[in-house]
Amino acid sequence: MSAPRERELGRLLVDYAHRVHARGWVANHDGNFTAILRRAEPGSRPRAQDVRILATPTATSKADVTLDSLLVVNLDGERIVGHTRAFGELTLHLCVYQNRDDVGAVVHAHPPHATALACSGSRLLDAPFLPEAVVSLGPRVPTVPFAPPGAPARQALAPFVRDFDAVLLANHGALAWGRDLEQAYLRLELVEHVARIALLAVPTGGVVPLS
């Protein structure tokens with residue numbers, strides 16, 4: 001972390017990592033976060049080496065993430081800076097960046113209510129029921145079919161990236177992205193919020209979808 005831009009973004013990444021741990025959205029080494037440090041020149045064909053992505057390390061509790069533990073990778077997932085290793089789900093983040101030029105950050109965690117829906121096979125978020133959620137997340141939060149880590153998981157996610165800003169990952173957790181870390185984090189927060197509401201509504205008849 002030498003350049004001012006890297007230090008500033010690094011502090012934000014550490015802050016959000018600590019937040020998700022404090023909120024109980026991760027346990028053990030769960031969750032991962034990335035943010036764009038440098039993009040390819042506008043109008044040019046992006047090359048992997050032209051893009052720099054700041055990332056949290058693998059095998060580290062989000063409560064223990066520090067500036068020194070962060071690493072920088074390129075669009076191929078190759079480490080450029082740092083002594084720690086990249087997490088295995090980095091391919092999901094790279095899939096988002098390669099398909100969305102407007103995205104500056106991706107966050108992944110296991111918030112309990114959203115993850116419960118992702119693991120149950122329920123599709124309670126497939127229809128809109130809160131206007132505010134539609135404004136921030138779109139008409140639905142789809143569930144990406146389960147796939148093993150690596151190329152299969154990336155292939156499963158790819159069809160959803162252009163049309164959505166947050167998804168549930170079947171038998172896994174939730175993934176959200178945005179123009180910056182704040183927007184990506186707030187989208188993840190909203191996914192967990194609407195998932196909790198949907199589950200609380202089940203005993204009384206379930207949510208009534210909007211037209």
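Side chain of Ser61 to backbone of His29: no donor-acceptor contact under 3.5 angstrom is found. Put simply, the side chain of Arg162 gets close to the backbone of Asn99: a donor and an acceptor are under 3.5 Å apart. Proximity of a side-chain donor or acceptor of Gln183 to a complementary backbone N or O of Arg179 within less than 3.5 Å is detected. Without hydrogens or angle criteria, Arg79 side chain to Val72 main chain gives no donor-acceptor distance under 3.5 Å. Between the Lys62 side chain and the Asp30 main chain, a donor and an acceptor come within less than 3.5 Å of each other. The closest donor-acceptor contact from the side chain of Arg123 to the backbone of Gly121 lies under 3.5 Å.
The environment of His18 atom NE2 is dense: over 12 non-hydrogen atoms of other residues, nucleotides or ligands sit within 6.0 angstrom. Atom CZ of Arg85 sits in a sparse spot, with 12 or fewer heavy atoms from other residues, nucleotides or ligands closer than 6.0 Å.
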Going through the distances and angles, do Val51 and Tyr97 end up as a side-chain contact (heavy atoms from CB on, under 4.5 Å)? CA-CA 10 Å; Val51 181; Tyr97 293 128; over 6 Å; no

Walk me through it: do His93 and Asn32 pass the test side-chain contact (heavy atoms from CB on, under 4.5 Å)? CA-CA 9 Å; His93 295 239; Asn32 33 71; 2.7 Å; yes

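The hydrophobic clustering, which links ILVMFWY residues whose side-chain heavy atoms are closer than 4.5 Å, places Val65 and Trp25 together. Grouping the Ile, Leu, Val, Met, Phe, Trp and Tyr side chains by contacts below 4.5 angstrom, directly or via other members, places Leu92 with Leu71. The hydrophobic cluster containing Leu188 does not contain Leu137, counting ILVMFWY residues as joined when their side-chain heavy atoms lie under 4.5 angstrom apart, directly or transitively. Under the 4.5 Å side-chain heavy-atom criterion for Ile, Leu, Val, Met, Phe, Trp and Tyr, Phe33 and Leu54 are members of the same hydrophobic cluster. Hydrophobic clustering (ILVMFWY, side-chain heavy atoms < 4.5 Å, transitive): Leu190 and Val26 are in distinct clusters.
Interatomic distance, His172 NE2 to Cys119 SG, rounded to the nearest 0.5 Å: 9.0 Å. Separation of atoms CG (Leu94) and OG1 (Thr34) is listed at 7.5 Å; rounding is to 0.5 Å. Rounded to the nearest 0.5 angstrom, Leu13 CG and Leu181 CG are separated by 5.5 Å.
Minimum interatomic distance between Ala116 and Leu199 (heavy atoms only, all atoms of both residues): CB-CD1, 4.3 Å. Taking each heavy atom of Phe129 and Ala198 in turn, the nearest pair found is CZ-CB, 3.9 Å. What you find for Val141 and Asp126 is that their closest heavy atoms are O-OD1, 3.7 Å. Here the closest non-hydrogen pair linking Val191 and Ala166 is CG2-CB, 3.7 Å. Across every non-hydrogen atom of Leu175 and Leu157, the tightest pair is CD2-CD2, 3.8 Å. Closest approach of Ala127 to Pro209, counting heavy atoms only: CB-CB, 4.1 Å.
Residues passing the side-chain hydrogen bond (donor to acceptor under 3.5 Å, both in side chains) test with Asp102, sequence neighbours excluded: Arg100.
When side chains are defined from C-beta on, Leu37 counts as touching Leu9, because their heavy atoms get closer than 4.5 Å. In this structure, the side chains of Ile80 and Val73 stay at 4.5 Å or more apart for every pair of heavy atoms. Between Val202 and Leu124 the shortest side-chain heavy-atom distance falls below 4.5 Å. A 4.5 Å side-chain heavy-atom check between Leu117 and Leu125 finds at least one atom pair inside the cut-off. Looking at heavy atoms from C-beta onward, Cys95 lies out of side-chain contact with Thr91 at the 4.5 angstrom threshold. Looking only at side-chain heavy atoms (C-beta outward), Pro145 and Phe160 come within less than 4.5 Å of each other. Put simply, the side chain of Val194 does not reach to within 4.5 Å of the side chain of Glu132, judged on heavy atoms. Between Leu186 and Ser136 there is no side-chain heavy-atom pair separated by less than 4.5 Å.
The existence of a salt bridge linking Glu189 and Arg23 is confirmed by a sub-4.0 Å separation between a basic side-chain nitrogen and an acidic carboxylate oxygen. With salt bridges taken as basic N to acidic carboxylate O contacts below 4.0 Å, one links Arg19 and Asp15.
For the 3.5 Å distance criterion, the side chains of His110 and Thr115 fail to qualify, holding no donor opposite an acceptor.
Aromatic rings of His108 and Phe87 (six-membered ring for Trp) have centroids beyond the 6.0 Å cut-off, not under it. If you look at His193 and His113, their ring centroids are not closer than 6.0 Å.
Screening Arg11, Glu182, His21 for a side-chain contact (heavy atoms from CB on, under 4.5 Å) with Tyr16, the sole residue that qualifies is Glu182. Under the side-chain contact (heavy atoms from CB on, under 4.5 Å) test applied with Thr143, the options Asn171, Leu168, Val167 reduce to a single match, Leu168. Among Val81, Thr56, Thr84, the single residue meeting the side-chain contact (heavy atoms from CB on, under 4.5 Å) criterion with Leu70 is Thr56.
Under the 6.0 Å distance and 45° angle rule, Arg140 does not count as a cation-pi partner of Phe164.
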